[in-house]
Amino acid sequence: MHQPAIPHLAAADPELAQLIEGEAKRQFDKVRLIASENYVSTAVLEATGTVLTNKYSEGYAGKRYYEGQQFVDQIEAMAIERAKALFGVDHANVQTYSGSPANLAVYLALAAPGDTVMGMALPAGGHLTHGWSVSATGKWFRAVQYGVRKDTGRIDLDEVRDLARAERPKLIFCGGTAIPRTIDFPAFAEIAKEVGAVLVADIAHIAGLVAGGAHPSPVGHAQVISTTTHKTLRGPRGAMLMSDAEYAKALDKAVFPGLQGGPHNHTTAAIAVALAEAARPDFREYAANVVANAKALADALLGRGFDLVSGGTDNHLILMDLTSKGIGGKPAAQALDRAGIELNYNTVPFDPRKPFDPSGVRLGTSAITTRGLGVDQMPQVAEWIDRAIAATNDGDDPAIGTIAAEVSEFLSAYPMPGWA
Ligand SMILES: *Cc1c(COP(=O)(O)O)cnc(C)c1O
């Protein structure tokens, strides 16, 4: 049963309540390897479901456009103070609705339409909002894009430097959605400084690892830090912008009134809860375990002949090229889902196939680590993946069902926040 329980919803809208119960059970029964997902705590779930959703509070604490902010002001201030303390930054804005609008606010604050901006290309592991052509950021700005080396699968900082020198971008984004290796923030900072660009570290994926000391921090290197709150940081769906004092005003003005209306106060409260959780010693242990699990899973997959982009991982994420296994990323992801293992198909660098039918899959260990799986369980996860892909290649559908039953039985021993 969903935890916290939803009896009022079940009475008022049984059909919808059933679907939510179904989703909770699905999350309980599956090995969830989508690298951007997690399980939030029951405390975070409770905060998102409160009466704070009823309140409008355009503006910032002490300067609101609506009355009745006696409690909301304090809640937002708590979230801000916790973000500043956890990450060690001068300034934090906790109102951004999600990662994509947070990045848009950075452009609005620090660049003008038509300006040159630089980011990692989407097919190489960057994010849409780092200037990819179909994104507003690629349409409204002159975006130049860097990638990874074909031989190493890693960012080529010489290429980044050459491109930055030639194009003189106003903003340089580092970070991405499918980067299995440590981001070299000092190196990016040096390049940005040389060409007079503002360095924006988008740590959406790795924020929890940064907070937990399992990935170097961009603080002191990037003037602006953008992050979601719902990936490794294990908070509600939302985002934050953090910065040096110098950029505080411009970023705040860009978020409101530049881009958004009223902040989502229930989300702000849940962010505050998640930030307090991330400041606890057990979260440092969690972050270390996420990385240890990813390395153990990568080793087990390599041992079974899987081809990993860059040969492994430094963080929570694994990018796997399935070409040598004779299967595309999409049919593999679909078969794995039926086998109780949830991940997403993904392009690999220099992918000869199309984004909707690419060569690879992306895996992450944030959610299964929250669930309590450890390095000793990773060989079993790799074995299921291997078996499910072999069964798909052999057209052996019953074998997929057998794996799903094994997965569900196995996971029943691991409690899930949000399910009781
Ligand atoms: C997930 C992600 C985003 C966007 O976050 P949404 O909340 O999905 O809009 C932005 N940048 C990076 C690097 C991400 O991984």
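This structure is a prediction, so every number in the text was calculated from the model and none was measured. Read the numbers this way: they start at 1 and go in the same order the structure lists the ligands and their atoms. Counting from 1, the numbers follow the sequence of the chain as shown.
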Starting from atom 4 (C) of ligand 1, find the nearest protein heavy-atom neighbour and note its residue, name and distance. His127 NE2, 3.4 Å

Contact region, Ser100 to ligand 1, non-hydrogen atoms below 4.0 Å, reads both

Atoms in ligand 1 flagged as close to Ala204, the criterion being non-hydrogen separation under 4.0 Å: 2 (C), 11 (N), 12 (C), 13 (C), 14 (C), 15 (O)

Ligand 1 to Gly99 polar contact by distance, N or O atoms, under 3.5 Å: yes

Heavy atoms only, cut-off 4.0 Å: how does Arg237 contact ligand 1, side chain, backbone, both, or neither? neither

State the atoms of ligand 1, each with its element, that fall below the 4.0 Å cut-off from a heavy-atom position in Thr177. 14 (C), 15 (O)

Think Arg362 forms a cation-pi with Tyr345, using NZ or CZ under 6.0 Å from the six-ring centre and within 45 degrees of its axis? no

If I apply the N/O under 3.5 Å rule, does Thr228 come out as touching ligand 1? no

For the pair Glu342 (side chain) and Asp337 (backbone), establish whether a donor and an acceptor sit closer than 3.5 Å, ignoring hydrogens and angles. no

Between Asp351 and Arg353, is there a side-chain N and carboxylate O pair less than 4.0 Å apart? no

Regarding Arg32 and the six-membered ring of Tyr39, is the cationic atom NZ or CZ under 6.0 Å from the ring centre and inside 45° of its axis? yes

Atoms of ligand 1 less than 4.0 Å from His230 heavy atoms? 7 (O)

Nearest to atom 14 (C) of ligand 1, what protein heavy atom do you find, and at what distance? Lys231 NZ, 2.9 Å

Examine the side chains of Glu21 and Gln18 and answer whether a donor and an acceptor come within less than 3.5 Å of each other. no

Asp299 bridged to Lys295 by N-O distance under 4.0 Å: no

For ligand 1, which atoms sit closer than 4.0 Å to a heavy atom of Asp202? 10 (C), 11 (N), 12 (C), 13 (C)

Under 4.0 Å between a side-chain nitrogen and a carboxylate oxygen: does that hold for Lys84 and Glu81? yes

Are Arg142 and Asp115 within salt-bridge range, i.e. N to O under 4.0 Å? no

Just distances here: any N/O of Ser98 and N/O of ligand 1 closer than 3.5 Å? yes

